[in-house]
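Labels below follow one simple rule: chain letters A, B, ... track the order of the sequence lines, proteins then strands, and each chain is numbered from 1. Computation of the quantities below employed the complete heavy-atom set of this structure, encompassing side-chain atoms and omitting hydrogens, waters and symmetry-equivalent molecules.
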Number of protein chains: 2
Amino acid sequence: MKSAAKAMQAEDTAETGAQQIRDAIREAIVERRLSPGTKLSESDVGNLFKVSRTLARAALQALSYEGLVSVEKNRGAFVAYPSPEEARQIFAARRLVEPGILREAAARITPADVKQLKQLLLEEGRLMSERGQTARRAEIKASGDFHLMLAEISGNAIMQRFMEELVARSSLVIALYGQSTASSCGHSEHGDIISAIESKELDRACQLMLHHIAHIETDLDLRERKSLGLKEAFEL
Amino acid sequence: MKSAAKAMQAEDTAETGAQQIRDAIREAIVERRLSPGTKLSESDVGNLFKVSRTLARAALQALSYEGLVSVEKNRGAFVAYPSPEEARQIFAARRLVEPGILREAAARITPADVKQLKQLLLEEGRLMSERGQTARRAEIKASGDFHLMLAEISGNAIMQRFMEELVARSSLVIALYGQSTASSCGHSEHGDIISAIESKELDRACQLMLHHIAHIETDLDLRERKSLGLKEAFEL
DNA sequence: GTGCAAAAGATCGTATACAATTTCATCGCT
DNA sequence: AGCGATGAAATTGTATACGATCTTTTGCAC
């Protein structure tokens, strides 16, 4: 699926160098190997990937357009640290677009798509029962892939790209404000949505999707964390 | 409004050089001073704005993320030439998100906002009656600003940015496939939508918005134009 | 005159170099 | 000791340089 998405948008427009670095860093952010606020200096990134600062910079700029890193003038790039307000807007956007995407997807879905969705679900379940960091990370990715796949099925490349941005940023928000150590997404809810689509209960599928998103938000603690600056941190 | 949008997202994150060039080119594209397919070589852009190719390149890359220019590897950057399929997806995306944005906006709208919207409408009407290229260009911009302002009122910066992209790309589509020499947007329909919002007829406002978008699409001729390569062009 | 091949020209891809700005440590003062 | 100023180190902002790839032109054979 990932490869399909890539193949669709690009042929030789592939900006080989920077693109690869961008993807690598994005993956690291989405899988939470990089924490919000981490500094990403151009030189460091360049050295790490064995390229010049030019390419490193281009990659960071690209990520800044996606909202995954914030670059501050003359200060450098950092893994984005979404504010509570930003977090709310990200999920508001998802509530706004995902039902619509779902409807589009349901209208065009093929048996092969359903099969692939269920495959994804299975894989997600398998990872959930596994222990270990790698499994956890793969699970995070898989749970986002469910939403992304619906966008892909919808057949609208623009909405697909937008969803990719939203899912990636959601991962950051959950990393920052998520409370339950449990997984990012209620796994069973994904299955329910597929069932509703299969039985053509479109309105119900949308309801389930909205509940699902609300459910994720419920697990967030969106109170302003004022950096708690060293003094307060120790005067208990 | 434009300044408000900028102030919100950026403070010193302003990437001064490239950002300015990017904005200038975008404006030129949206106002149709640059036609789809026009070549934008890095050197030319750099010379034009009296900066190095580095900055020109950064600006073009940025525009490519917004879908306004397409860069082809080792060949150069061109003002985007959206395919009919792309055009359909752009408007499908607008149909998907604009009703939701409208609902959000209606929930938060203040009297001051209404006043500003009407102001915009008035200005739009004034430009419509005027003659001349400059008036036409200003009108195109104004008609898009109506939709953008609703997004701004909705208070969701993410959806606002997405709408900015969609409106800009719509302008390209209309430039390519629009038939009526008339303006890009049914002017009166904007007024109707405001009225519906004022009288809290939310469902009706959404319906009007959908009709409005459909109305714009009706004016498009989305048939594949195969470049009509010089020979066919003259053998009538 | 037509068609293909090779070289010249133009344009992009990437690296490196230098200037401007910020950050941090050091020093002196209160 | 605490606080502010000053200078060095680090980092980003921008320009230039060189190599790679594509385009176009030129020239030769047919």
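Counting heavy atoms from C-beta on, the side chains of B:R169 and B:E86 come closer than 4.5 Å. Side-chain contact between B:I174 and B:R32 is present, with at least one heavy-atom pair separated by less than 4.5 Å.
Between B:R161 and B:E165, no side-chain nitrogen of the basic residue sits less than 4.0 Å from a carboxylate oxygen of the acidic one, so the salt-bridge criterion is not met. A:R22 and A:E66 are joined by a salt bridge, as a carboxylate oxygen and a charged side-chain nitrogen come within less than 4.0 angstrom of each other.
Protein atom CG of B:N47 is 11 Å distant from nucleotide atom P of D:dT16, rounded to whole Å. Atom pair B:R53:CZ and C:dA10:P shows a separation of 14 Å (rounding to whole Å applied). For B:L60 and C:dT11, the CG to P distance is 14 Å, given to the nearest whole Å. B:Q19 has its CD atom 11 Å from the P atom of D:dG13, to the nearest Å. Atom pair A:R57:CZ and D:dT14:P shows a separation of 7 Å (rounding to whole Å applied). For the pair A:E42 CD and C:dT22 C1', the computed distance is 14 Å after rounding to whole Å. Between the P atom of C:dG13 and the CD1 atom of A:I21 lies a distance of 14 Å, rounded to the nearest Å. In this structure, NZ of B:K39 is placed 9 Å from C1' of D:dT23, rounded to the nearest angstrom.
Between B:K50 and A:A77, it is A:A77 whose nearest contact on DNA chain D lies nearer the 5' terminus. Each of A:V51 and B:D44 lies near DNA chain C, and the nucleotide nearest B:D44 is the one positioned closer to the 5' end.
Of the listed nucleotides (D:dA15, C:dA15, D:dT12), D:dA15 has the atom at the smallest distance from the side chain of B:S52. With D:dG13, C:dT14, C:dT11 as the candidates, the nucleotide lying closest to the side chain of A:L55 is C:dT14. In this structure, of C:dA15, D:dG13, C:dC12, it is D:dG13 that holds the atom nearest to the side chain of A:N74.
Under the 3.5 Å distance criterion, the side-chain polar atoms of A:S170 are matched with a main-chain donor or acceptor of A:L166.
In this model, the phosphate group of D:dT11 is not approached by any side-chain N or O of A:R75 to a distance below 4.0 Å at OP1 or OP2.
A donor-acceptor contact under 3.5 angstrom links the side-chain atoms of A:T54 to the base of C:dT16.
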